[in-house]
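None of these values were measured; they are calculated from a predicted model.
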Amino acid sequence: KANKNVYICGTSGSGKTYASNSLLTRAFKDLPILALSFKPGDSTLKLSSSITIDVSKTPINAFEDKDIFIRAYMITLAVEKPGTIVSRIPMVLDEALTYSKNWDELIEYLLHLIESPNVDEVKRSAASHILDGVRVLKPKVHSTTGWLWDFKTNVVLDFSGLNDYQKTFFAEVILNMIWKKLQSNRKECVIFIDEAHRVLRRTENYTSVLDEMAREIRGLGGILIVST
């Protein structure tokens with residue numbers, strides 16, 4: 001059974017980006033392409049007839065879907081050591097997101113939980129852990145609107161202006177949103193991820209959406225090209 005998905009693996013400087021660009025500009029030139037780029041000055045940013053979006057200046061609104069936010073948070077800031085506090089983090093984060101529409105409101109609600117005398121110690125510790133993570137993930141520029149690829153144009157998302165945690169978090173959020181859209185409306189397209197180790201992460205309870213995409217995207221008309 002034909003499978004157009006491509007996995008490119010090699011050491012630094014071995015020509016992965018060149019090989020990827022050749023595929024994108026030749027083999028898949030007639031399909032709309034979404035490329036995720038994490039390196040400053042990456043040649044992927046020169047993809048022909050593409051729109052480049054600097055994610056650090058135009059961050060996605062991560063608050064549109066609580067489940068996606070929680071999944072991206074847990075993958076990005078995973079705490080592998082088991083314990084009562086760790087197990088409470090998703091529940092406390094879910095509660096905080098219910099009352100938050102943006103990063104400042106999320107920080108305010110978490111501070112409320114930490115300072116409230118009616119909150120038990122485990123919940124307070126979980127809220128404190130989340131607060132530390134949120135402060136690392138909070139972008140410099142606020143976004144109140146969601147961004148979603150139209151599956152018609154070539155778009156390069158430039159993540160190079162974000163810190164390493166933000167790169168993983170916002171890439172995971174965007175991929176989840178795109179995947180959700182693809183599942184509800186089949187589209188022929190190419191999704192290219194350079195330095196895929198940024199999002200190829202898993203914990204005991206959470207796995208990057210990239211795993212699911214690799215298994216099922218072909219049946220929805222998509223092609224996944226991964227380089228790492």
Side-chain angles (χ1 to χ4, degrees), residues 4-29 31-62 68 71-78 133 135-143 147-151 153-179 189-203 207-214 217 222-228:
K4 292 182 179 179
N5 291 346
V6 180
Y7 179 71
I8 300 172
C9 182
T11 58
S12 179
S14 61
K16 299 188 300 296
T17 301
Y18 178 81
S20 302
N21 284 343
S22 295
L23 281 170
L24 294 173
T25 57
R26 297 176 187 176
F28 304 121
K29 63 180 181 179
L31 293 175
I33 299 169
L34 175 68
L36 279 64
S37 175
F38 297 93
K39 296 181 293 186
D42 195 341
S43 59
T44 306
L45 301 179
K46 302 178 181 67
L47 189 64
S48 177
S49 302
S50 65
I51 300 170
T52 298
I53 298 175
D54 185 338
V55 181
S56 67
K57 296 178 181 177
T58 315
I60 188 73
N61 179 14
I68 289 177
R71 182 177 189 175
Y73 179 94
M74 296 302 293
I75 288 172
T76 303
L77 296 165
R135 283 172 168 162
V136 170
L137 296 176
K138 180 184 175 184
K140 294 179 181 179
V141 179
H142 283 288
S143 176
W147 173 89
L148 199 60
W149 184 34
D150 61 6
F151 297 94
T153 55
N154 292 344
V155 174
V156 177
L157 298 179
D158 178 11
F159 291 81
S160 63
L162 302 174
N163 65 46
D164 286 344
Y165 293 107
Q166 290 172 330
K167 287 176 182 177
T168 300
F169 177 80
F170 283 105
E172 189 70 32
V173 168
I174 289 170
L175 286 174
N176 269 279
M177 289 181 171
I178 294 297
W179 183 233
C189 63
V190 177
I191 297 176
F192 168 58
I193 306 171
D194 197 14
E195 292 200 338
H197 59 274
R198 299 281 183 187
V199 286
L200 277 173
R201 297 187 179 187
R202 65 172 63 227
T203 68
T207 304
S208 172
V209 70
L210 196 55
D211 282 14
E212 186 177 346
M213 292 175 71
I217 194 170
I223 296 168
L224 182 66
I225 302 176
V226 172
S227 175
T228 189

Going by heavy atoms in the side chains, are [X] and [Y] under 4.5 Å from each other?
X      : Y      : value
Ile193 : Thr228 : no
Leu36  : Leu34  : yes
Leu137 : Phe170 : no
Leu175 : Ile191 : yes
Leu224 : Leu210 : yes
Trp179 : Ile217 : yes
Phe192 : Ser227 : yes
Ser56  : Lys140 : no

Shortest non-hydrogen contact from [X] to [Y]?
X      : Y      : result
Met177 : Ile60  : SD-CG1, 3.8 Å
Ala72  : Val173 : CB-CG2, 3.7 Å
Asn5   : Ala214 : ND2-O, 3.3 Å
Phe159 : Ala171 : CE2-N, 3.6 Å
Asn154 : Leu31  : OD1-O, 3.7 Å
Leu162 : Lys167 : O-CE, 3.2 Å

Working to the nearest 0.5 angstrom, can you tell me the gap between Phe38 CZ and Asp164 CG?
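So the gap between those two atoms works out to 10.0 Å.
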Option from Ile51, Ile53, Thr52 for which side-chain contact (heavy atoms from CB on, under 4.5 Å) with Leu157 holds
Ile53
Checking Ile33 against Ile225 for the side-chain contact (heavy atoms from CB on, under 4.5 Å) test, could you report, in this order, the C-alpha distance in whole Å, the side-chain angles of both residues, the deciding distance, and whether it holds?
CA-CA 10 Å; Ile33 299 169; Ile225 302 176; over 6 Å; no
Only counting residues at least two apart or in another chain, list the ones meeting side chain to side chain donor-acceptor pair (under 3.5 Å) with Lys138.
Asp104
Partners passing side chain to side chain donor-acceptor pair (under 3.5 Å) against Thr76 (at least two apart in sequence or in another chain)
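Checked Thr76 against side chain to side chain donor-acceptor pair (under 3.5 Å); zero matches.
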If only atom types and distance count, is the side chain of Glu172 paired as donor or acceptor with the main-chain N or O of Ser208 below 3.5 Å?
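No, because the side chain of Glu172 does not come within donor-acceptor range (under 3.5 Å) of the backbone of Ser208.
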Do the side chain of Asp158 and the main chain of Gly161 share a donor and acceptor less than 3.5 angstrom apart?
no
